[in-house]
Every structure is written in structure tokens, then in C-alpha cells.
Amino acid sequence: AVSGDRILVGAHEQDDEGDAAGAAYVFARNSTTGLWSQAQILTPDHSGAGDNFGRAVAIDGGRALIGAWLADGDESTTGAAYVYRMVGSWFELADTLFRLVGEYGDGYGASVALSGDCGVVGAVNDDINDAPNVGSAFHYCGLPAPGPPELELDITCCVQIPDPAGPVIFWSSIVNRGRQTAIGQRWMESSGDDSAGVAV
């Protein structure tokens with residue numbers, strides 16, 4: 001993910017915090033030479049083996065959103081997304097997003113998108129009613145601002161797109177620019193073609 005003079009790169013199987021705990025690398029561009037160099041390595045405070053932190057990354061200005069789709073943050077959630085904010089020239093962890101009600105394997109954090117103070121977190125394998133692995137997307141606004149933040153998060157909507165013909169896998173092609181969000185479904189039957197896919 002790229003924003004201005006910073007690049008955010010996920011390494012979801014990095015092992016420094018445990019086997020496949022994951023990490024994300026921040027690269028900054030020198031305004032004089034134009035060269036890029038590593039500026040920071042991001043890992044959550046409670047990272048654990050197998051979390052896959054960095055499976056999905058997004059950056060916009062002084063905010064970053066990083067998914068860990070296999071993290072188990074508490075007894076009722078599986079998957080997490082981490083909100084970072086810029087303080088000076090460094091990103092600091094500002095908040096952690098979890099499913100309020102989730103099941104093992106939902107994959108919350110498999111995809112993320114960020115635009116201004118709004119972010120989208122995808123749960124690739126979320127079950128909807130009796131349909132397994134349909135997937136859902138959660139839209140948040142009011143993410144912490146760069147500098148001293150107000151740590152308040154509001155869920156503005158939850159998007160669920162079941163396919164009446166059968167399960168559909170929601171995947172990581174999320175684009176969130178301003179107040180519009182496009183969500184991709186890569187395995188949806190469309191016009192009679194198996195797994196043709198669609199975006200809404």
C-alpha cells in the first residue's frame with residue numbers, strides 16, 4: 001500500500017514474534033534523493049504465533065490499517081485489524097478492531113481498505129444465516145487521527161452480500177475512496193458462468 005512518501009508492506013508469515021505471527025514494514029522516501037529506505041517495523045503488542053498480522057495492509061496519510069485474519073483477540077473473536085496513527089514521523093498503535101460476535105475461521109482482517117478516517121475490514125469466511133463462507137465487510141468511521149487522537153470508533157454499516165444460488169467468497173479487492181466503497185466477490189456465478197465474479 002502506498003500513500004505519499006510512505007509505503008506499507010505486509011509480511012504475514014514473518015517469525016520474529018512467533019511462527020507466522022507476521023509484521024508490516026514502513027518505507028519512507030527521502031525528499032532530497034528520492035530514495036526509499038526502511039523506516040519502521042510494525043507488530044501489535046499482543047502478537048502471537050499464527051496471527052498472520054500483515055495479511056492485508058492499507059495506508060492513507062497519517063493512518064494505517066493492518067489485518068491479522070487468524071488472530072484470536074479474546075474468547076469471542078477470531079481475526080483482528082489494527083489501527084495505527086502517525087505521531088511525529090512514527091506510526092503508533094491506536095486501537096484494535098475485533099468482531100463482537102465471531103466464529104473460528106471467519107477471517108476478519110483478511111482484507112482492509114482505508115480512506116481518511118474511514119476504513120473497511122473484510123471477513124472472508126463469515127457465515128450468513130445458513131450459507132457458509134459468504135463473507136461480510138465492516139465499515140468504520142471516526143478512526144484515530146494523526147497526533148493526539150480521540151479514540152472513538154463507530155460502525156456505520158455492515159455489508160453482507162449473500163448469493164441466493166449458493167455460498168460466495170468475499171475477498172480482498174476492497175477499494176474505499178471517500179464515502180464510496182467497492183467490494184469484490186471473486187467466486188460468484190454471474191450470467192450463467194461459474195465463478196465469474198462481480199463487484200458491487
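Hydrogens, waters and symmetry mates are skipped; everything else that's a heavy atom, side chains included, is used.
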Point to revise | Partner of L114 under side-chain contact (heavy atoms from CB on, under 4.5 Å), chosen from V83, D60, L8 | key: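 The residue from V83, D60, L8 that satisfies side-chain contact (heavy atoms from CB on, under 4.5 Å) with L114 turns out to be D60.
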Review point. In this structure, which one of L97, V124, N125, L70 forms a side-chain contact (heavy atoms from CB on, under 4.5 Å) with Y108?
Key: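 Testing each of L97, V124, N125, L70 against Y108, the sole residue satisfying side-chain contact (heavy atoms from CB on, under 4.5 Å) is L97.
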Exercise for review: Decide side-chain contact (heavy atoms from CB on, under 4.5 Å) for V112 and V120; before the verdict, give the C-alpha distance in whole Å, the side-chain angles of both, and the deciding distance to 0.1 Å.
Suggested key: CA-CA 5 Å; V112 297; V120 178; over 6 Å; no
Can you see which heavy atom on [X] is nearest to which on [Y], and at what distance?
{"X": "S111", "Y": "A56", "result": "CA-CB, 3.7 Å"}
{"X": "M86", "Y": "R6", "result": "CE-NE, 3.2 Å"}
{"X": "L143", "Y": "C118", "result": "CD1-C, 3.9 Å"}
{"X": "A81", "Y": "V121", "result": "CB-CG2, 3.8 Å"}
{"X": "A1", "Y": "A58", "result": "CB-CA, 3.9 Å"}
{"X": "F98", "Y": "G79", "result": "CD2-O, 3.6 Å"}

From [atom1] ([X]) to [atom2] ([Y]), nearest 0.5 Å:
{"X": "D19", "Y": "E13", "atom1": "CG", "atom2": "CD", "answer": "8.0 Å"}
{"X": "N30", "Y": "D5", "atom1": "CG", "atom2": "CG", "answer": "9.0 Å"}
{"X": "L65", "Y": "I59", "atom1": "CG", "atom2": "CD1", "answer": "11.0 Å"}
{"X": "F53", "Y": "W69", "atom1": "CZ", "atom2": "CH2", "answer": "16.0 Å"}

Exercise for review: Determine whether D117 and R63 make a side-chain contact, defined as any pair of heavy atoms from C-beta on separated by less than 4.5 Å.
Suggested key: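 Side-chain contact under 4.5 Å: yes.
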**Study point:** Validation row: I7, V26 side chains within 4.5 angstrom (heavy atoms)
**Key:**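 Side-chain contact under 4.5 Å: no.
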Exercise for review: Give the cluster check for V2 versus Y25: same hydrophobic cluster or not, with ILVMFWY residues linked at side-chain heavy-atom distances below 4.5 Å.
Suggested key: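 Shared cluster, yes.
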Point to revise | Qualifying residues under side-chain hydrogen bond (donor to acceptor under 3.5 Å, both in side chains), relative to D51, sequence neighbours excluded | key: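 For D51 there are no side-chain hydrogen bond (donor to acceptor under 3.5 Å, both in side chains) partners, ignoring immediate neighbours.
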Review point. Under 3.5 Å, is there a donor-acceptor pair between the side chain of T43 and the main chain of A23?
Key: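 Flag not set: sc T43 to bb A23 has no pair under 3.5 Å.
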Review point. Any donor and acceptor pair, going by atom type alone, linking the side chain of N52 with main-chain N or O of A68 inside 3.5 Å?
Key: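 No; zero donor-acceptor contacts below 3.5 Å.
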Under 3.5 Å, sequence neighbours excluded: what are the donor-acceptor pairs made by side chains of residues 35-42?
residue	atom	partner	partner atom	Å
Q40	OE1	F91	N	3.0
Q40	NE2	F91	O	2.8

